[in-house]
Number of protein chains: 2
Amino acid sequence: MKNRLKVLRAERDWTQAQLASALNVSRQTINAIEKGKFDPSLPLAFKAARLFDLAIEEIFQDQVETVEN
Amino acid sequence: MKNRLKVLRAERDWTQAQLASALNVSRQTINAIEKGKFDPSLPLAFKAARLFDLAIEEIFQDQVETVEN
DNA sequence: AATAAAAGTCAAATGAACTTTACATTTAAT
DNA sequence: ATTAAATGTAAAGTTCATTTGACTTTTATT
């Protein structure tokens with residue numbers, strides 16, 4: 001899962017800590033999501049979408065997954 | 001978090017088991033999500049959106065949360 | 001009424017999201 | 001070169017998403 005958080009932050013000149021506080025999560029959570037360590041929960045994705053006034057799909061992009069079997 | 005999975009299934013005449021298999025999750029996961037027991041992960045929400053060819057927001061609706069403090 | 005399929009539910013287990021604390025590295029300013 | 005702020009990272013713990021297996025209840029069909 002890719003995301004545009006870093007860019008959206010940069011456009012607004014926000015630090016990871018400021019974004020974290022706006023979303024009520026820890027700074028490490030924002031850092032981990034930006035670095036692709038894990039995906040946000042759906043509720044957190046919704047919060048970010050509301051904050052930036054964007055659709056979830058405009059912030060987070062699913063990598064089309066290779067299904068074996 | 002509300003969702004329209006049951007209706008979307010009904011429109012297509014799919015069982016929970018069929019939807020589960022289309023999304024590569026267990027039937028119990030679909031049941032629990034439909035019954036509001038928990039929210040899907042973001043990747044699962046994306047899968048559902050792709051399957052139904054809808055935006056995530058057209059399937060899942062966040063309840064605007066009451067923030068105390 | 002009997003049967004079968006679908007839906008609901010529960011418990012135990014696993015993995016992933018998220019927290020807190022703490023420290024190291026990078027970036028940018030003086 | 002120092003300093004401060006921002007970013008990166010790691011470990012340990014908690015909560016929640018998801019699985020498997022099993023059982024009960026509901027809904028349709030015959």
**Report entry** Contact check, side chains of L19(B) and L8(B), non-hydrogen atoms, under 4.5 Å
**Finding:** no
Query raised in the report: Is there side-chain contact between M1(A) and F38(A), with at least one heavy-atom pair below 4.5 Å?
Result: no
Requested in this report: Considering only heavy atoms of chain B and a distance under 4.0 Å, specify the first and last nucleotide of DNA chain D in 5' to 3' order that meet this criterion.
Outcome: dA17(D) to dA22(D)
Query raised in the report: With side chains defined as the heavy atoms from C-beta onward, is the minimum distance between V25(B) and I33(B) less than 4.5 Å?
Result: no
Query raised in the report: Going hydrophobic residue to hydrophobic residue with side-chain gaps under 4.5 angstrom, can you get from L51(B) over to I59(B)?
Result: yes
Query raised in the report: Hey, which of R4(A), E34(A), Q18(A) is the one that makes side-chain contact (heavy atoms from CB on, under 4.5 Å) with R9(A)?
Result: E34(A)
Report summary line: In 5'-to-3' order, the base (B), backbone-only (S) or no-contact (-) status of each nucleotide in nucleotides 7-19 of chain C, using a 4.0 angstrom heavy-atom cut-off, is BBBB------SBB
Report task. Go through the steps to decide whether F52(B) and E58(B) satisfy the test side chain to side chain contact (heavy atoms under 4.5 Å, CB included), and finish with yes or no. Result -> CA-CA 10 Å; F52(B) 292 118; E58(B) 292 175 304; over 6 Å; no
Requested in this report: Determine, step by step, whether D62(A) and R50(B) satisfy the salt bridge (Lys or Arg N to Asp or Glu O under 4.0 Å) criterion, reporting the C-alpha distance in whole Å, the side-chain angles of both residues, the deciding distance to 0.1 Å, and the verdict.
Outcome: CA-CA 10 Å; D62(A) 208 11; R50(B) 265 185 315 214; 3.2 Å; yes
